[in-house]
Amino acid sequence: MIIPKHIAFIMDGNGRWAKAKGKSRTFGHKAGFKNLVEVVKACQELGVETVTCYAFSTENWNRPASEVSYLMDVPSELYSEKGKEFVEKQIKVRFIGRRDRVPSHTLKAIVSIEEDTKEFTKFEVVIAFDYGSYEELTTSIKKIARDAIDGTIKVEDIDDNLISNYLYTRDLPPIDLMVRTSGEHRLSNYLLWQLAYSELYFPKTYWPDFNKNELLIAINEYNKRNRRFGSIEEE
Ligand code: FPP
């Protein structure tokens with residue numbers, strides 16, 4: 001079985017999972033966070049090299065204050081409760097997205113866990129937090145325009161490789177497989193540029209129930225796909 005090098009997740013269905021149990025949305029996100037840690041460890045064991053997950057979108061600020069408040073606490077929980085284990089397991093953590101709108105305690109935790117794990121090279125978890133593709137692309141295009149005006153780059157040099165190098169994901173490998181749980185078939189402003197040639201998989205399972213067995217089913221599904229990257233079948 002070929003193990004995808006880079007898997008991206010949209011961890012959807014926490015709210016519905018909690019509702020089905022008569023619990024609050026925050027209860028669902030807590031279970032979702034716990035599950036993310038398990039999925040990350042399972043990915044590392046299987047030999048995946050990069051895991052990217054959508055933890056908070058640029059649109060998620062519109063959710064109820066209590067829900068936003070809990071999600072803004074998750075980086076601190078990650079740092080205080082899992083920081084040591086991530087260092088032991090040599091898991092590098094990186095956050096992508098805006099940093100100017102998150103509360104200071106959240107930013108502090110983000111910077112701390114990134115700093116503690118920055119030397120690790122074999123396995124990386126990328127957490128999209130206050131992330132949205134429109135914002136990422138708009139910010140990058142502004143920077144490209146500024147660099148072209150001040151002569152750092154030439155307009156003729158702008159190609160897909162150069163654009164990739166202006167994105168938050170600049171030095172990450174291509175995404176082989178994107179999994180969105182809960183049966184929704186949307187990208188929701190997630191890695192629009194980066195997913196151009198990725199395989200997409202949409203299991204019905206709600207994120208808190210997406211376990212190692214479900215992960216193996218997703219990888220098995222990936223193995224059935226025939227990736228041609230716009231070319232045709234070899235003879
Ligand atoms: C979508 O499900 C999920 C989110 C918007 C948040 C996901 C966040 C976590 C799992 C916590 C991990 C965070 C970090 C920083 C490591 P939903 O609530 O929209 O589900 P619903 O569609 O059923 O309501």
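Since we're looking at a predicted model, the values are computed, not measured. Each ligand, and each atom within it, is numbered from 1 in the order the structure gives.
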*Asks:* Walk me through it: do Glu85 and Lys89 pass the test salt bridge (charged side-chain N to carboxylate O under 4.0 Å, His left out)?
*Replies:* CA-CA 6 Å; Glu85 186 182 354; Lys89 292 193 157 38; 3.7 Å; yes
*Asks:* Using a strict cut-off of 4.0 Å, indicate which atoms of ligand 1 neighbour a heavy atom of His29.
*Replies:* 3 (C), 4 (C), 6 (C), 18 (O)
*Asks:* Determine the minimum heavy-atom distance between Thr26 and Ser66, stating which atoms define it.
*Replies:* OG1-O, 4.3 Å
*Asks:* Show the atoms of ligand 1 that are less than 4.0 angstrom away from any heavy atom in Gly32.
*Replies:*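 Result: 10 (C).
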*Asks:* So is Asn14 touching ligand 1 or not, going by heavy atoms under 4.0 Å?
*Replies:*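 A heavy atom of Asn14 does come that close to ligand 1.
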*Asks:* Check whether the side chains of Arg16 and Ser182 place a donor and an acceptor atom closer than 3.5 Å, and report yes or no.
*Replies:*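 The criterion, which ignores hydrogens and geometry beyond distance, is satisfied for Ser182 and Arg16.
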*Asks:* Do Tyr166 and Asp147 get their side chains close enough for a donor-acceptor pair, meaning under 3.5 Å?
*Replies:* yes
*Asks:* Can you find a non-hydrogen atom of Arg63 under 4.0 Å from ligand 1?
*Replies:* yes
*Asks:* For ligand 1, which part of Asn60 has a heavy atom less than 4.0 Å away: the side chain, the backbone, both, or neither?
*Replies:*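 The answer is the side chain of Asn60.
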*Asks:* Tell me whether Tyr54 has any N or O atom under 3.5 angstrom from an N or O of ligand 1.
*Replies:*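 Tyr54 vs ligand 1: no N/O contact under 3.5 Å.
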*Asks:* Answer side chain, backbone, both or neither: which part of Glu184 comes under 4.0 Å from ligand 1, heavy atoms only.
*Replies:*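 Within the 4.0 Å criterion, Glu184 makes no contact with ligand 1.
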*Asks:* Do the side chain of Asn189 and the main chain of Ser133 share a donor and acceptor less than 3.5 angstrom apart?
*Replies:* yes
*Asks:* Could an N or O of ligand 1 be found under 3.5 Å from any N or O of Ala55, whether backbone or side chain?
*Replies:*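 No; the residue has no nitrogen or oxygen that sits under 3.5 Å from a nitrogen or oxygen of the ligand.
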*Asks:* Under 3.5 Å, is there a donor-acceptor pair between the Ser198 and Gln194 side chains?
*Replies:*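 The criterion, which ignores hydrogens and geometry beyond distance, is not satisfied for Gln194 and Ser198.
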*Asks:* Within a distance under 4.0 Å of any heavy atom of Leu36, pick out the atoms of ligand 1 and give their elements.
*Replies:*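 Counting atoms of ligand 1 from 1, those under 4.0 Å from Leu36 are 16 (C).
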*Asks:* Can a non-hydrogen atom of Gly13 be found less than 4.0 Å from any atom of ligand 1?
*Replies:* yes
*Asks:* Run the salt bridge (charged side-chain N to carboxylate O under 4.0 Å, His left out) test on Lys5 and Asp176 for me, step by step, so that the C-alpha distance in whole Å, both residues' side-chain angles and the decisive distance to 0.1 Å come before the verdict.
*Replies:* CA-CA 7 Å; Lys5 279 193 163 61; Asp176 301 303; over 6 Å; no
